[in-house]
Amino acid sequence: MSQLPSSRGAVAVFGGTFNPIHFGHLRSALELLESLELAQLRFMPASEPPHREAPEVSAEHRAAMVERAITGEPRFVCDQRELNRAGPSYTIDSLAELRAELGERRGLCLVMGCDALLGLPSWHRWGELLGLAHLVILARPGWALPAEGALAALLRDHAGSSEDLSQKPAGAVVTQTLRPQDISATNIRALLQLGFSARYLLPESVLAYIAERGLYAKQE
Ligand code: ATP
């Protein structure tokens with residue numbers, strides 16, 4: 001596997017459309033990495049997200065923005081495997097590949113915000129996810145964890161500790177409350193389409209990439 005972590009500790013995968021990547025993603029990822037003592041956090045842009053409309057900005061552009069945003073942080077990696085695979089980007093397939101590359105014993109975590117968690121029951125083979133990885137849920141402003149139903153049962157039945165993430169390969173659910181960052185890509189796209197600045201919501205290097213290529217441009 002490209003860019004395997006050298007240190008011990010779990011490897012985390014943070015999937016998303018990253019359309020574009022912003023400080024909500026980046027700051028949450030860094031706090032998670034440090035608080036859970038992860039060896040590495042892999043941003044994994046979805047090529048064709050199965051659960052939402054295809055983003056108007058290509059997967060190559062979205063991955064290039066992730067690459068720019070994480071430059072200089074060696075514990076972050078941009079995992080482009082979903083760009084190289086035809087068809088919908090199923091997380092279960094990516095986790096199975098990563099599991100094969102990392103071996104049976106290494107802790108592997110799938111990170112998602114609690115908005116993404118609410119959609120989990122519609123994911124392809126979602127019942128198999130915990131057999132391959134742990135689940136790390138990020139609290140996000142404006143979103144609450146499910147209190148009843150299948151997801152509430154999943155959170156309850158598999159509740160684990162941060163130690164489980166490195167000591168066991170998969171199967172624990174851990175919820176993390178980090179510094180809240182009320183930033184969304186939807187809001188950034190809306191600002192840019194209206195001709196406003198999105199400065200200080202995302203890295204300057206990403207803003208420069210957007211400006212150079214006229215992405216999310218104001219509609220005339
Ligand atoms: P959009 O507004 O287009 O839906 P987004 O800002 O939610 O985009 P995504 O790429 O869809 O970003 O999100 C990838 C992952 O990052 C998801 O699990 C999402 O919950 C999480 N996430 C996004 N923004 C934040 C934030 N501000 N704080 C914590 N988690 C976040």
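Atoms within a ligand are numbered from 1 in the order they appear, just like the ligands themselves.
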- Message: Let me confirm one number: the CG-CG distance from Leu117 to Leu154, rounded to the nearest 0.5 Å.
- Response: 7.5 Å

- Task: Check each of Phe18, Phe14, Phe43, Phe23 against atom 21 (C) of ligand 1 and report the one with the nearest heavy atom.
- Result: Phe14

- Task: Could you tell me how the ring of His61 sits relative to the ring of Tyr209: parallel (under 30°), tilted (30 to 60°) or perpendicular (over 60°)?
- Result: perpendicular

- Query: Judged by non-hydrogen atoms, does Arg27 sit under 4.0 Å from ligand 1?
  - Reply: no

- Query: Is Thr17 in contact with ligand 1, taking contact as a heavy-atom separation below 4.0 Å?
  - Reply: yes

- Message: Please list, in number order, the atoms of ligand 1 under 4.0 Å from a heavy atom of Met112.
- Response: 18 (O)

- Query: What part of Thr186, side chain, backbone, both or neither, has a heavy atom within less than 4.0 angstrom of ligand 1?
  - Reply: both

- Does Asn19, backbone or side chain, put an N or O under 3.5 Å from an N or O of ligand 1? no

- For ligand 1, is Gly15 a contact, meaning one of its heavy atoms is under 4.0 Å away? yes

- Using a heavy-atom cut-off of under 4.0 Å, does the side chain or the backbone of Ser184 touch ligand 1, or both, or neither? both

- Query: Between Val136 and Gln176, which heavy-atom pair has the shortest distance, and what is it?
  - Reply: CG1-CG, 4.0 Å

- What residues, two or more places apart in sequence or in another chain, satisfy side chain to side chain contact (heavy atoms under 4.5 Å, CB included) together with Pro203? Phe23, Leu26, Ala69, Ser205, Val206

- Task: Looking only at non-hydrogen atoms, find the nearest pair between Ile188 and Ala198 and report the distance.
- Result: CG2-CB, 4.0 Å

- Nearest heavy atom to atom 17 (C) of ligand 1: which of Ala139, Ser28, Gly119, Gly113 does it belong to? Gly113

- For Gln40 and Val77, work out which heavy atoms get closest and say how close. NE2-CG2, 3.3 Å

- Item | Worked check of side-chain contact (heavy atoms from CB on, under 4.5 Å) between His25 and Gln181 | CA-CA 9 Å; His25 302 126; Gln181 304 281 340; over 6 Å; no

